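One structure is given below, encoded as structure tokens.
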Amino acid sequence: MIGDSLTDIQAAHKVGAAAIGYANKPHKHQAFTEAGAEAVTEDMQAIADAIQSPLSND
């Protein structure tokens with residue numbers, strides 16, 4: 001799950017999902033890290049690009 005609030009991270013973990021924090025404000029990166037987010041990004045475009053990239057068939 002991708003979320004931009006601490007409750008998003010907590011909700012993802014509550015249902016057993018991985019949490020990616022979107023740190024759209026400076027203080028959020030540390031808060032998401034401390035909450036155990038599996039990843040934190042400040043660049044939503046990077047996520048969009050990763051989702052749109054074709055998977056390798058190697």
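Since the structure is predicted, the reported quantities are computational estimates derived from the model, not experimental observations.
A search for side chain to side chain donor-acceptor pair (under 3.5 Å) contacts involving Q10 returns nothing, not counting sequence neighbours. Under the rule for a side chain to side chain contact (heavy atoms under 4.5 Å, CB included), the partners of A35 that lie at least two apart in sequence or sit in another chain are L6, I9.
For the atom pair OG1 (T33) and CD (E38), the distance works out to 11.0 Å, reported to the nearest 0.5 Å. Atom OG in S5 sits 13.5 Å away from atom OH in Y22 (nearest 0.5 Å).
No path of Ile, Leu, Val, Met, Phe, Trp and Tyr side chains, each step under 4.5 Å between heavy atoms, connects M1 with I51, placing them in separate hydrophobic clusters. A continuous path of ILVMFWY side-chain contacts below 4.5 Å connects I20 to M44, so both sit in one hydrophobic cluster.
The two residues A18 and A12 make their nearest non-hydrogen contact at O-CB, 4.0 Å.
By the 4.5 Å heavy-atom criterion applied to side chains, K28 and D4 are counted as neighbours.
If you run side-chain contact (heavy atoms from CB on, under 4.5 Å) between Q45 and each of I47, D49, T41, only D49 comes through.
In the model, H29 has no side-chain atom that pairs as donor or acceptor with a side-chain atom of E34 under 3.5 Å.
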